[in-house]
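Positions are given from 1, in the same order as the sequence printed here. Numbering of ligands and ligand atoms starts at 1, following listing order.
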Amino acid sequence: MSNIKKIGILTSGGDCAGLNAVIMSVVNAASQQGWEIYGIHDGTDGLTNRPLSYEILTESNFSCSPWPRLAGSYLGSLNTGVKESQEVLAKRFGEGVRELGLDAVLVVGGDGSMNIVSTYCKMAGVKMIGIPKTIDNDTPLTEFSVGFNTACQICTNALDDLVTTARSHHRALILEVMGRDAGHLAMHSAIAGFADICLVPEIPYTLQGIINKLEAVKKSGRTSALIVVSEGVKTEKGEAVTSSVNLVGEKINGGIGDYLSNLINANYKGFQTRVTKLGHVQRSGNPTSFDRGLAVVLGAEAVRLLTEGHTDRMVALSKGKVTSFSLEEVVAAGTTGLDANSEYVKAARAIGMYVGEF
Ligand code: F6P
């Protein structure tokens with residue numbers, strides 16, 4: 001049993017659909033326990049900046065409200081990199097938690113946030129529970145993170161929309177999707193959207209392999225093709241393709257679709273190519289029923305763990321069951337990319353999709 005009376009909840013890292021459903025689930029489940037819930041604004045900034053930035057959340061914020069049905073984060077989320085030393089931020093984080101009298105902090109985040117915030121919590125002696133979210137689906141030890149399914153649906157819808165114009169103009173249309181260094185979003189969407197080619201960071205490809213597939217499509221009598229490429233795919237020589245830099249000077253992925261388009265056009269005349277870069281639309285949309293369900297289940301499990309006195313764990317979906325792992329295990333596991341031997345990749349190959357070469 002636990003002595004929890006007051007908890008904080010924050011969303012950290014890139015936003016996605018389903019965050020508000022997680023917040024709703026946590027608020028409602030914690031309210032059943034009679035706990036007070038503090039919603040921390042803008043990720044860890046709400047606790048590390050002064051004045052502290054937060055609001056008290058109750059069931060009335062979310063019940064019978066549009067919020068859990070919307071993407072984005074009601075609380076705000078930041079993805080801007082660390083501006084000060086870990087020691088300074090952890091100290092301020094801990095002081096903020098103590099000033100508010102929080103007994104534990106629930107962190108809705110991806111692999112990076114689990115790492116960064118759990119380090120602050122450890123250094124500052126704060127109890128934490130993590131809840132995985134990300135459109136990249138690369139948070140370790142969970143089969144699915146909140147937001148991934150909705151992003152897959154958005155990419156699949158884009159392929160459904162592109163197929164008609166591809167057919168009218170006899171083109172090979174390239175869809176560049178997000179995913180950072182993981183190919184889950186690209187592969188799941190390419191399969192659901194019946195693409196001909198899917199390139200992911202985990203599997204090397206060759207220009208000749210792409211051309212061979214396009215040529216096979218042409219020989220079959222088909223006059224159009226769909227190509228999905230993950231933003232983290234590199235050039236054939238292994239160079240990263242980036243489009244710009246962020247506020248702290250880190251390079252931002254983007255542009256591999258244009259790179260491939262130019263390369264294909266220069267070396268193969270069978271199809272004209274065009275590129276669609278979906279960008280941040282992938283982090284929007286009303287969460288799918290799967291993401292809403294996952295959000296509610298993981299949020300409720302996070303609160304249940306606290307009621308039983310467990311802390312410093314991340315809730316997860318593993319082998320179809322709701323479970324949890326220690327934050328130490330999660331951080332040690334790092335990031336989970338697409339398994340090049342997964343059933344998804346095997347199925348893609350089996351149906352003739354070009355997914356690169358080993
Ligand atoms: O991690 C989620 C994600 O959407 C990645 O897929 C993408 O590379 C990145 O965030 C974009 O981040 P930002 O919003 O900072 O450009």
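- The closest approach between any non-hydrogen atom of Ile252 and ligand 1 is not below 4.0 Å.
- Atom numbering of ligand 1 starts at 1 in the shown order; those under 4.0 Å from a heavy atom of Gly179 are 6 (O).
- If you check which protein heavy atom lies closest to atom 9 (C) of ligand 1, you get Arg180 NH2, 3.5 Å.
- In summary, the aromatic rings of His188 and Phe148 are positioned with their centroids under 6.0 Å apart.
- For the side chain to side chain donor-acceptor pair (under 3.5 Å) test, no residue two or more places apart in sequence or in another chain qualifies with Asn262.
- Protein heavy atom nearest atom 15 (O) of ligand 1, with residue, atom name and distance: Asn79 ND2, 3.2 Å.
- For ligand 1, the polar-atom distance check finds no N/O of Gly14 at less than 3.5 Å from any of the ligand's N/O atoms.
- Between Asp103 and Lys6, none of the side-chain N atoms (NZ, or NE/NH1/NH2) sits under 4.0 Å from a carboxylate O, so this pair counts as no salt bridge.
- Looking at ligand 1, you'll find an N or O of Glu231 within less than 3.5 Å of one of its N or O atoms.
- With a heavy-atom cut-off of 4.0 Å, Ile135 touches ligand 1 through its side chain alone.
- Judged by distance alone, the side chains of Asp291 and Thr150 do bring a donor and an acceptor atom under 3.5 Å apart.
- Hydrophobic cluster membership for Tyr205: Ile174, Ile197, Leu199, Leu207, Ile210, Ile211, Leu214, Val217, Ile227, Val229, Val233, Val241, Ile256, Tyr259, Leu260, Leu263, Ile264, Tyr268, Phe271, Val275, Tyr354 (Ile, Leu, Val, Met, Phe, Trp, Tyr linked by side-chain heavy atoms under 4.5 Å, directly or transitively).
- Between Arg283 and ligand 1, an N or O atom pair is found at a separation short of 3.5 Å.
- Ligand 1 has His280 within reach: a non-hydrogen atom of the residue lies less than 4.0 Å from it.
- Between the side chains of Gln32 and Glu59, at least one donor N or O sits under 3.5 Å from an acceptor N or O.
- In terms of protein heavy-atom proximity, atom 5 (C) of ligand 1 is closest to Asp136 OD1, 3.4 Å.
- Ring centers of Phe62 and Trp67: at least 6.0 Å apart, outside the cut-off.
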